[in-house]
Amino acid sequence: MRLATIRTAAGTRAARVENDVAVPLDYPDVGALLAAAELPDIGRIPPAGEPVPVEDVDFAPVVTSPSKILCVGLNYRTHILEMGRELPQHPTLFAKFADTLIGARDEVVLPATSAEVDWEAELGVVIGTPLRRATREQARDAIAGYTVINDVSMRDWQWRTTQWLQGKAFERSTPVGPFLVTPDEIDHARDLELRCEVDGVLMQRSRTSDLLFDPAATVAYISQFTTLRPGDLIATGTPGGVGAARNPKVFLAPGQTLRTVIEGLGECLNVCREEKE
């Protein structure tokens, strides 16, 4: 099954994607849908509007107001090595806020206060059921599905201190979508190709099998210290090829197109624009 959150004249709506159309449902986003219904029942929920051809859909972020957005840094072996780090013993975690999220076709805002905006293609995990102090197996069962994320990072802000939050939490910087794809369609994202392109130039290419901490392990770890709820979003980390690790360094510029693709999940296609004062 594929789900999405779409923008309509009446506001955002969760939608069930069937073939080439999005069928609106009477929930404001996918997170609210997951909180109200179990995955096997979603296919039977009646439509709340006319189907929209997928090519005409205005995609909102898959989840618009998650109670938590948690992200893993240094989680692909290739990226850890290019950054000159040792393999961590535990997931390196930081948080984002809901106002960082944008849709799969929205513009990425390049802040006037940052000159080092970098790309980070990532596999996203969406939680489907409440979870606290879970085993790996329980965590795996609590994953509603997977999506595409780009954790666009302001490196000059990220590295001001040893804490990364300020470089990861700029508004309107993080594409997520276009779909939530349920685990049964993609074998829990065990081995999917992930790519990032800037103006058609390949910058990152890896497979999710290179993750140091896979989705189930990450979700189980997070659940030890906080309760995960339906619609919560986890970004699992980025592979090698980021702009900050290149020689010379390369960063995003206004007018460039950022393309983030994960096999079986779809793509985010986002034009970068300079922030208007």
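- Looking at R207 and D210, no side-chain N of the basic residue comes within less than 4.0 Å of a carboxylate O on the acidic one, giving no salt bridge.
- With a 6.0 Å radius and a threshold of 12 heavy atoms from other residues, nucleotides or ligands, E50 has its CD atom at or below the threshold.
- Atoms CG and OG1, from L123 and T208 in turn, are 6.5 Å apart once rounded to the nearest 0.5 Å.
- Judged purely by atom type and a 3.5 angstrom limit, S153 has no side-chain atom pairing as donor or acceptor with the backbone of G167.
- Under the 3.5 Å distance criterion, the side-chain polar atoms of K68 are matched with a main-chain donor or acceptor of T227.
- Considering every non-hydrogen atom in both M154 and S173, the closest pair reads CE-CB, 4.0 Å.
- More than 12 non-hydrogen atoms from other residues, nucleotides or ligands lie less than 6.0 angstrom from CD of Q224.
- The SG atom of C272 sits 10.0 Å away from atom CH2 of W119, with the distance rounded to the nearest 0.5 Å.
- By the neighbour-count criterion of 12 heavy atoms within 6.0 Å, atom CG of D184 is densely surrounded, having more than that number from other residues, nucleotides or ligands.
- Y146 is listed as a side-chain neighbour of V125, based on a closest heavy-atom distance under 4.5 Å.
- Checking each of T147, V126, T182, L33 against L3 for a side-chain contact (heavy atoms from CB on, under 4.5 Å) leaves exactly one that passes, namely L33.
- Of the charged side-chain nitrogens involved, none lies within less than 4.0 Å of a carboxylate oxygen, so that D118 and R246 do not count as a salt-bridged pair.
- The closest donor-acceptor contact from the side chain of R13 to the backbone of A48 lies at 3.5 Å or more, if one exists at all.
- Taking OG from S209 and CD from E193, the interatomic distance works out to 10.5 Å, rounded to the nearest 0.5 Å.
- Annotation: side chain of V17 is not in contact with side chain of V57 (no heavy-atom distance under 4.5 Å).
- L269 and V198 fall into different hydrophobic clusters, where Ile, Leu, Val, Met, Phe, Trp and Tyr residues are linked whenever their side-chain heavy atoms come under 4.5 Å apart, directly or through other members.
- One finds a salt bridge joining R259 and E197 here, because a Lys/Arg side-chain nitrogen approaches an Asp/Glu carboxylate oxygen to under 4.0 Å.
- The pair D151-K96 meets the salt-bridge criterion, with a side-chain N (NZ, NE, NH1 or NH2) lying under 4.0 Å from an Asp/Glu carboxylate O.
- In plain terms, the two heavy atoms of Q204 and A121 that are nearest each other are OE1-N, 3.1 Å.
- Ring geometry, H90 versus Y221: the interplanar angle falls under 30°, so the pair is classed parallel (tilted spans 30 to 60°).
- You'll find the side chain of Q158 stays beyond 4.5 Å of the side chain of E116, heavy atoms only.
- Partner of N150 under the side-chain hydrogen bond (donor to acceptor under 3.5 Å, both in side chains) criterion, out of N270, T260, T238: T260 alone.
- Using a 4.5 Å cut-off on side-chain heavy atoms (C-beta onward), P88 and F213 make contact.
- Contact between I149 and A235 at its shortest, heavy atoms only, is CD1-CB, 3.9 Å.
- With a 4.5 Å cut-off on side-chain heavy atoms, P175 and V148 do not count as touching.
- No donor-acceptor pair under 3.5 Å is formed between the side chain of R195 and the backbone N or O of L202.
- Between atom OG of residue S114 and atom CD of residue Q166 there is a gap of 11.0 Å, rounded to the nearest 0.5 Å.
- For R205, the CZ atom counts as loosely surrounded, since its 6.0 Å shell holds 12 or fewer non-hydrogen atoms of other residues, nucleotides or ligands.
- At a threshold of 4.5 Å between non-hydrogen side-chain atoms, the residues P66 and L101 count as touching.
- More than 12 heavy atoms of other residues, nucleotides or ligands lie within 6.0 Å of CG in D56, so this atom counts as buried by the packing criterion.
- Listed for the S223 side chain is no donor-acceptor partner under 3.5 Å among the backbone atoms of R132.
- The two atoms that bring E122 and V72 nearest to each other are OE1-O, 4.4 Å, heavy atoms only.
- The structure places CG of D106 at 11.5 Å from OG1 of T174, a figure rounded to the nearest 0.5 Å.
- Residues M203 and V201 form a side-chain contact, since some pair of their non-hydrogen atoms from C-beta on lies under 4.5 Å apart.
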**OP:** Given salt bridge (Lys or Arg N to Asp or Glu O under 4.0 Å), test R140 with D214 step by step and report yes or no.
**Re:** CA-CA 10 Å; R140 190 173 188 268; D214 69 11; over 6 Å; no

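- Between V117 and F170 the shortest side-chain heavy-atom distance does not fall below 4.5 Å.
- A distance of 12.5 Å separates CD1 in I143 from CD in Q138, rounded to the nearest 0.5 Å.
- E274 places no side-chain N or O within 3.5 Å of a backbone atom of L110 that could act as its donor or acceptor partner.
- Looking only at distances, no side-chain donor or acceptor of D58 sits under 3.5 Å from a matching main-chain atom of R7.
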